[in-house]
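Within every chain, numbering begins at 1; the chains are lettered A, B, ... in the order of the sequence lines, protein sequences first and strands thereafter.
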Number of protein chains: 2
Amino acid sequence: MGHSRPTLADVAGAAGVSVSTASLAFSGAGPIAAATRERVHAAASELGYSGPNPLGRSLRSGRSGIAAVVIGDQLRRSFRDPVSVQVLDGLVSTLGQMGLGVLLVPGMPATEGTTGVDPLLETAPMDVAVLIWGSREDDPALLSLQRRGVPVVIGEGPAVEGVPVVGIQDRRGSEELVRHLADLGHERIAVVSLPFGGPRRCAVVSPERMTELRWTPTKHRLEGFQDAGVVPTMVVEAAASLVEEGQAAGRLLLDVEDPPTAVVAQSDLLAAGVLLAARDLGMRVPQDVSVAGFDGIDLPWLAPDVLTTVAQPLAAKGEALGQTVAALLAGEQPEPALLPVTLRTGTTTGPPRT
Amino acid sequence: MGHSRPTLADVAGAAGVSVSTASLAFSGAGPIAAATRERVHAAASELGYSGPNPLGRSLRSGRSGIAAVVIGDQLRRSFRDPVSVQVLDGLVSTLGQMGLGVLLVPGMPATEGTTGVDPLLETAPMDVAVLIWGSREDDPALLSLQRRGVPVVIGEGPAVEGVPVVGIQDRRGSEELVRHLADLGHERIAVVSLPFGGPRRCAVVSPERMTELRWTPTKHRLEGFQDAGVVPTMVVEAAASLVEEGQAAGRLLLDVEDPPTAVVAQSDLLAAGVLLAARDLGMRVPQDVSVAGFDGIDLPWLAPDVLTTVAQPLAAKGEALGQTVAALLAGEQPEPALLPVTLRTGTTTGPPRT
DNA sequence: GTCCGGGTTCGAATCGTTTCGAGGCGTCGC
DNA sequence: GCGACGCCTCGAAACGATTCGAACCCGGAC
């Protein structure tokens with residue numbers, strides 16, 4: 001046994017018991033005399049044995065205790081968004097309480113230009129995977145995981161046969177928000193949308209581009225307009241949910257002859273960017289233009305303004321994802337979850353200028 | 001073999017070769033006839049076998065392919081800081097290229113009031129662990145890992161015997177920044193510091209509290225003042241590196257009889273909060289008060305102001321951590337790394353009012 | 001014809017743990 | 001006093017793969 005780390009067999013030998021008994025002393029499963037357990041633990045600390053090797057345990061039990069969280073895109077981009085972070089936070093703590101660790105896996109290969117999926121997705125140990133956001137029907141990551149036989153949970157994504165989804169009432173929330181603006185008297189409402197999927201860009205959306213819309217939350221939040229019976233005067237697609245992008249999009253929308261009287265951004269960060277753009281252009285909010293967001297995150301630097309937005313329960317979403325994972329591991333077929341949202345009116349929306 | 005997933009043995013049987021040959025066909029190690037490999041792969045796709053089971057492979061090789069990243073505190077808090085996120089991003093992609101997955105592990109137990117460390121730290125499979133920030137000499141996580149025999153890399157932490165550290169020139173950067181302010185003529189310079197370690201609070205630091213300073217970057221950035229020959233008129237400790245905290249600290253510092261003419265915040269987020277506090281109090285920057293930060297992150301909503309700050313190479317830090325991990329796994333004894341920083345003067349610092 | 005060697009393939013051992021059924025021993029009940 | 005029953009402990013068989021040395025087959029050389 002040389003100088004390598006001691007194994008359960010070493011401990012058993014030192015304690016004068018069989019390997020199976022030593023295992024029992026650690027796992028606690030099955031009956032074992034207190035004295036024996038004591039003796040085994042003593043031998044263990046004597047030898048510097050720090051508990052059963054997870055690798056051996058995993059092989060035997062067939063479980064790794066690891067849940068992979070697949071990040072749709074670049075980590076940097078994803079994590080700059082507080083929405084993602086708060087969901088991830090809820091997920092990590094929920095899974096942690098179940099004894100599951102979270103393995104971060106990029107959804108796309110690290111080296112640009114490569115097709116296929118990140119090798120980790122194909123080779124890393126995992127009992128279950130969560131596509132936390134940004135998944136699509138034809139997601140190569142999804143296909144790869146299904147081929148491996150790994151159970152999958154999708155957050156904020158499309159309905160896929162046999163894959164449980166956890167989402168929020170994007171559509172209804174958006175509808176409420178649009179109605180709020182319509183009730184205030186707005187007739188010219190523009191949209192700054194989240195990415196459509198596919199190549200990222202910050203640009204006015206053409207009718208053709210509209211047909212390429214793949215990303216589910218973007219789609220649902222747009223559909224809220226239909227439900228409210230309002231047609232946006234213009235849609236600008238942002239390359240990511242970031243303040244800078246919102247600012248660029250805001251310039252595109254507001255720096256024109258006849259700007260809209262209200263702008264609905266599909267995320268709070270984008271809305272914040274639009275506010276900055278309005279400020280840059282010397283427009284007052286909400287007198288010259290109303291601005292609304294989506295998500296309900298804290299934006300302390302917006303004070304004294306308060307953003308009108310649709311608040312979603314972010315920590316609860318992470319928790320719901322965790323519960324779904326638990327159900328999946330227990331062999332159940334979890335129902336899709338659709339969490340409620342609430343309209344939160346702030347100071348950035350008001351009646352249009354007459 | 002019923003309905004469970006096929007194993008290498010099944011594939012070998014179907015292909016009419018031995019298990020060892022089948023293994024060779026997948027791993028690519030060792031000589032194998034092209035025709036044989038072909039046949040094995042055909043049998044594999046026939047049976048729906050998607051590559052060797054990572055659990056079995058791990059047990060045999062003794063490697064899990066997993067690097068644990070220990071988050072010092074609550075995930076939420078950590079990830080709201082772009083600094084952490086950018087480092088993590090660099091780390092994940094560097095490790096990913098080496099085929100290592102990143103397992104997120106909370107440094108403290110999820111349930112409040114519990115002592116000890118998160119159970120994941122003790123039981124999860126890992127080849128190496130990175131204490132990415134916020135580590136201390138007596139860190140229970142560190143001790144636990146050392147007992148398990150897991151090699152550890154510390155980011156931004158104290159020098160611990162036998163544990164490689166990756167940090168930045170906190171002290172020198174801070175010194176340069178303070179000299180910059182002194183050169184401008186400032187004599188009354190206050191500090192908003194990062195947490196000291198231990199109980200978190202936002203309060204003026206008393207002499208006793210000063211002796212409890214444990215967190216390394218906080219300490220080094222304060223030492224920069226000594227090197228520049230300047231004694232801060234006041235130090236306020238923030239509970240976390242967040243805008244809200246900086247704002248609260250800023251009020252504490254600026255809303256007094258005779259406020260300092262310059263405030264050095266130990267992070268850009270804190271500095272941004274101080275700027276907000278100054279604005280709330282009707283103070284002009286830099287005419288009434290100069291404000292400087294540390295880190296060099298993007299703060300688009302600060303525009304048109306540009307924060308004077310000490311920029312650190314965040315992605316490079318993540319990369320350096322990754323390289324250190326690689327060296328450690330290769331059995332080397334990596335040297336501690338100290339990455340360079342650069343003073344970046346913006347529009348938020350200027351001469352004091354005369 | 002025999003021997004040699006390169007190129008492939010195979011068997012068997014091994015990684016460290018869990019689990020299952022069997023067995024040992026002491027005690028209790030009749 | 002004997003049988004039955006509990007409580008513990010043990011041995012052995014997985015779990016799924018890698019790896020090392022041995023065995024094998026074939027062609028070429030002497």
Participant: Is it true that B/R147 and B/E122 have a side-chain N and a carboxylate O under 4.0 angstrom from each other?
Facilitator: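 So B/R147 pairs with B/E122 through a salt bridge.
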Participant: Using the side-chain heavy atoms of B/L24, tell me which of these nucleotides is nearest: C/dT19, C/dT18, C/dT9.
Facilitator: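 Looking only at side-chain atoms, B/L24 lies closest to C/dT9.
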Participant: Test side chain to side chain contact (heavy atoms under 4.5 Å, CB included) on A/L321 and A/T94; report intermediate values, then the result.
Facilitator: CA-CA 9 Å; A/L321 283 168; A/T94 306; over 6 Å; no
Participant: Map B/G16 and A/G51 onto DNA chain C by nearest heavy atom, then report which one ends up closer to the 5' terminus.
Facilitator: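 Its nearest nucleotide being more 5', the pick is B/G16.
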Participant: What is the 5' to 3' range of DNA chain D, first to last nucleotide, that sits under 4.0 Å from any heavy atom of chain B?
Facilitator: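 So the contact region on DNA chain D extends D/dG16 to D/dT19.
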Participant: Between CG of B/L328 and CD of B/Q333, what distance do you get to the nearest 0.5 Å?
Facilitator: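 Taking CG in B/L328 and CD in B/Q333, the distance rounds to 7.5 Å.
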Participant: B/A33 or A/L8: which one's nearest nucleotide on DNA chain C is closer to the 5' end?
Facilitator: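 Per heavy-atom nearest nucleotide, the more 5' residue is B/A33.
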Participant: For A/N53 and C/dC15, give me the distance from atom CG to atom P, rounded to whole Å.
Facilitator: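 One finds 12 Å between P of C/dC15 and CG of A/N53, rounded.
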Participant: To the nearest 0.5 Å, what is the distance between CD on B/Q146 and OG on A/S50?
Facilitator: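 Separation between the atoms: 12.0 Å.
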Participant: To the nearest Å, how far apart are B/R37 CZ and C/dG7 P?
Facilitator: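 Checked: the CZ to P distance equals 15 Å.
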Participant: Let me confirm one number: the CD-OG1 distance from A/E137 to A/T216, rounded to the nearest 0.5 Å.
Facilitator: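 Result: 6.5 Å between the selected atoms.
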Participant: Side-chain contact test, heavy atoms from C-beta onward, threshold under 4.5 Å: evaluate it for B/L329 versus B/R63 and give yes or no.
Facilitator: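 Counting from C-beta outward, B/L329 and B/R63 do come under 4.5 Å.
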Participant: Using a 4.0 Å heavy-atom cut-off, does A/F26 contact any base of the nucleic acid, only the sugar-phosphate backbone, or nothing at all?
Facilitator: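 Nothing: the residue A/F26, judged by heavy atoms under 4.0 Å, touches no strand.
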Participant: Counting distance alone, no hydrogens or angles: does the base of C/dT18 have a donor or acceptor under 3.5 Å from a partner atom on the side chain of A/R60?
Facilitator: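 Present.
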Participant: Is there side-chain contact between B/V166 and B/P334, with at least one heavy-atom pair below 4.5 Å?
Facilitator: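 Side chain of B/V166 against side chain of B/P334, heavy atoms only: no contact under 4.5 Å found.
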Participant: Taking any heavy-atom pair under 4.0 Å as a contact, classify A/S58: base, sugar-phosphate, or nothing.
Facilitator: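 Result for A/S58 = nothing.
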Participant: Can you pull the side chain to side chain donor-acceptor pair (under 3.5 Å) pairs that have at least one residue in residues 30-47 of chain A, sequence neighbours excluded?
Facilitator: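 Listed by first then second residue: nothing to list.
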Participant: So what does A/P52 touch, heavy atoms closer than 4.0 Å: a base, only the sugar-phosphate, or nothing?
Facilitator: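 Sugar-phosphate: the residue A/P52, judged by heavy atoms under 4.0 Å, touches backbone atoms but no base.
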Participant: Can you check the A/L47 CG to C/dG16 P distance for me, whole Å?
Facilitator: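 Spelled out: CG on A/L47 to P on C/dG16 is 14 Å.
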Participant: Report yes if a donor N or O on one partner sits less than 3.5 Å from an acceptor N or O on the other, where the partners are the side chain of B/S20 and the base of C/dG11; otherwise report no.
Facilitator: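 Per atom types, the contact qualifies.
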Participant: So, is A/T7 near the phosphate of C/dG16, with a side-chain N or O under 4.0 Å from OP1 or OP2?
Facilitator: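 No.
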Participant: Distance check needed: C/dT17 C1' versus A/R63 CZ, whole Å only.
Facilitator: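 Spelled out: CZ on A/R63 to C1' on C/dT17 is 17 Å.
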Participant: Less than 4.5 Å apart, any side-chain heavy atom of A/L55 and any of B/P125?
Facilitator: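 SC-SC contact between A/L55 and B/P125 confirmed.
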Participant: Touch check for A/S27, heavy atoms < 4.0 angstrom, all strands: base, sugar-phosphate only, or nothing?
Facilitator: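 The answer is nothing, as A/S27 stays clear of every strand by at least 4.0 Å.
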Participant: Please list each protein N or O that sits under 3.5 Å from an N or O in nucleotides 4-6 of chain C, with the distance.
Facilitator:
none

Participant: Roughly how far apart are A/S84 OG and A/L91 CG, rounded to 0.5 Å?
Facilitator: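 It is 12.0 Å, given to the nearest 0.5 Å.
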Participant: Would you mind reading off the distance between A/L59 atom CG and C/dT14 atom C1', rounded to a whole angstrom?
Facilitator: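 Going from A/L59 (CG) to C/dT14 (C1'), I get 12 Å.
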